[in-house]
Amino acid sequence: MSAGTVTVSSPGQSSHRVAALARAEGILLWRNRLALLNAVILPAALAGSLKSFGGLGASGAHDFGAMLLTGLTAFALLIAVYYNLVTAMVARREELVLKRLRTGEATDGEILAGTAAPAIAIAWAQIAVAAVAAVAVLGLNPPANAALVPVALILGTAVFVLLAAVTAAVTRTVQLAQVTTMPALWLPLVFSGLLFPLAMLPEPLRWVAEALPLTPVVELMRLALTGAAAGGHRLGLAATFSAAVIPVLVLTAWIAAAGWAARRWFRWEPRR
Amino acid sequence: MDDNGVITVRDLRRRYGGTGGRGFDAVRGVTFSVRRGELFALLGTNGAGKTSAMEVLEGLAPAARGAVRVLGCDPCRERALVRRRIGIMLQEGGFPPDLTVAETGRMWAGTLSAPRPVAEALGLVSLGHRAGVAVRSLSGGERRRLDLAMAILGRPEVLFLDEPTTGLDPESRRRTWLLIRELLGAGTTVVLTTHYLEEAEELADRLAIMHQGRIVRTGTPAEVAASQPARISFELPEDSREPVPDIAGTRASVTGRTVLLQTADLQPTLTALLGWANSRDLVLGALDARPASLAEAFHAVAASAGSPADDDNAKDVAA
């Protein structure tokens, strides 16, 4: 189940080191049944419950399959990637594992990538399964702009991995992660457009909502799957690309900011 | 300084915290070199700066000032070049408690350029029979040995061991010493910190004693021990009226009938003492003559108070 069980790299290569670390992290996630269940069950359950909210439906995605897939992407990033990784990074740091790993050949980036890989693999696998189910069971229409799906996934994943690293920096124990993850779980979710249409918000507040890290992912997924603009009207293929520019810029800015903060504050060993 | 050394350290300084009064100078100008194939030991009280200095050699922290070369490279800036040729065992490091010993080995081996077989490394530290056991179920000593196995998994040319035998029972410690000697025999260079003076005496080709961020003694264990006077003690006979002999270059102290002579030159002093006793037909009871031990040299350093200015900053010293 872990990422990187299939590798063709040879010793001494970066991919080989990341795969070895990812395999170990995958075993640890597999043995931590509660975290595994959280990561696997919760996003699907929450995405299913979105039906009772008016967010995406009112914003033009009348298609239940598209709503489900967009919602699942959001919850997978929040729970399987973000929450899961904060606890994993804090646990490895407090167990002095990160400190020990830093004495080896793996670079800092490789250690983080190896730690994050199983969580990312679970999130992306969930999204893939949901996509197949949405097409097969719910009759999801072909996407309006399929190219935007990997853009949303890759940028969104990068943002929440880096936010997890920043949150881990201010989280002293695994238990405290339940508290420290709250702001980055709830604010982006509430103002993502999944729960209620952002058009309901007054102008300045709507801009703030659009600048939060989950909103652009939801927008990109909606554009990709249904071609619907924020107002609800359908766009042509070219127009979906231009509508994607702002969400992509917002995500890029988050990557830059969170990357800078992680580099500045991430700690590799417990505070003494 | 030996420019052909595997490790050269020149005027190394390391500082924690801010500049000015609030910071703390952990390492205050340390210079030494380590030759290929030798074991160099860093001794010192807690807070003397051993680990702080080691961390710079290991490339885990940059030096505030000074130059450090390991295998000809800057261990911090040329980390990738150096790391594949060195092995590190931290004073405090961890492995995930829920992985087994073998899984830990597989993970670590996967990060190395040229690992030896995991089973071989576990065998070298006598952990082969524990391969299937979760790290959380290992005893403290077994965890230290697992840590050592991982440090030598990559067949390092230079091995850094920060208190490798702390927490080991005497038998495990003896076996670890044997392993370290085997590695030295195979040409590995070892830098070791330890609290156990007999460990340094047993293993070290050369050593340095650090105190409050500085090296205060360095040399072979015998040379460092010789920085302290040798001791001769004996008891004068009960009926003796003889005064304590006055031998040049010695300091005598008398407790009851017991006399203690301290001298820099053991053999001439002893010869003079025995000549004096013979000429007076004296039988010296409980006669004992021995050179200073490393322990005496160490305790002499630890007991010496630093200047008041040093003490302000020496937060961990003698903790």
Side-chain angles (χ1 to χ4, degrees), chain A residues 2-5 7 9-36 87-111 113-115 117-118 174 267-272, chain B residues 16-17 51 54-55 57-61 75-76 79-100 102-116 118 134-136 143-144 146-148 150-151 153-156 159-162 315-316:
Chain A
S2 66
T5 40
T7 54
S9 56
S10 53
Q13 286 184 343
S14 177
S15 56
H16 194 264
R17 292 192 288 269
V18 173
L21 296 172
R23 197 177 308 126
E25 194 62 39
I27 293 171
L28 290 170
L29 184 57
W30 180 248
R31 291 190 181 146
N32 185 350
R33 289 302 153 89
L34 188 64
L36 186 65
T87 56
M89 287 173 183
V90 172
R92 296 310 156 256
R93 183 189 67 212
E94 297 301 311
E95 293 159 354
L96 301 173
V97 173
L98 294 183
K99 184 180 179 185
R100 188 69 179 86
L101 287 175
R102 279 193 103 205
T103 65
E105 290 184 40
T107 64
D108 292 355
E110 288 164 2
I111 294 169
T115 308
V174 172
R267 282 184 296 117
W268 296 90
E269 51 189 283
R271 191 171 285 166
R272 282 186 240 175
Chain B
Y16 294 106
T51 297
M54 280 283 260
E55 283 176 352
L57 303 195
E58 292 161 346
L60 291 169
C76 205
R79 188 172 173 273
L81 285 175
V82 179
R83 281 292 169 81
R84 69 185 58 184
R85 298 171 66 188
I86 69 175
I88 297 171
M89 178 176 174
L90 296 172
Q91 197 180 114
E92 266 192 327
F95 293 105
D98 288 329
L99 288 184
T100 67
E103 284 163 351
T104 304
R106 228 171 291 142
M107 169 186 78
W108 194 253
T111 67
L112 300 173
S113 299
R116 60 171 100 219
V118 172
V135 170
R136 76 161 69 250
R143 279 183 212 188
R144 278 318 265 162
L146 173 62
D147 214 331
L148 178 59
M150 297 305 100
L153 192 58
R155 305 174 197 274
L159 185 58
F160 293 94
L161 302 174
D162 201 348
K315 58 177 183 186
D316 278 328

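The side chain to side chain contact (heavy atoms under 4.5 Å, CB included) search around B/Arg144 returns B/Met89, B/Asp147, B/Leu168, not counting sequence neighbours. Residues meeting the side chain to side chain contact (heavy atoms under 4.5 Å, CB included) test with A/Glu110, sequence neighbours left out: A/Ser14, A/Arg17, A/Val18, A/Ala106, A/Thr107.
Scanning all heavy atoms of the two residues, the minimum distance from A/His16 to B/Gly110 falls at ND1-O, 3.0 Å. Taking all atoms of both residues into account, the shortest heavy-atom contact from B/Gly105 to B/Leu153 is O-CD2, 3.7 Å.
Per-residue heavy-atom pair counts under 4.5 Å with chain A were compared for B/Ala114, B/Gly59, B/Gly93, and the maximum is reached by B/Gly93.
When heavy atoms are compared at a cutoff of 4.5 Å, B/Glu103 approaches chain A solely by way of its side chain, counted from C-beta outward. Neither the backbone nor the side chain of A/Leu98 comes within contact range of chain B; no heavy atoms are under 4.5 Å apart.
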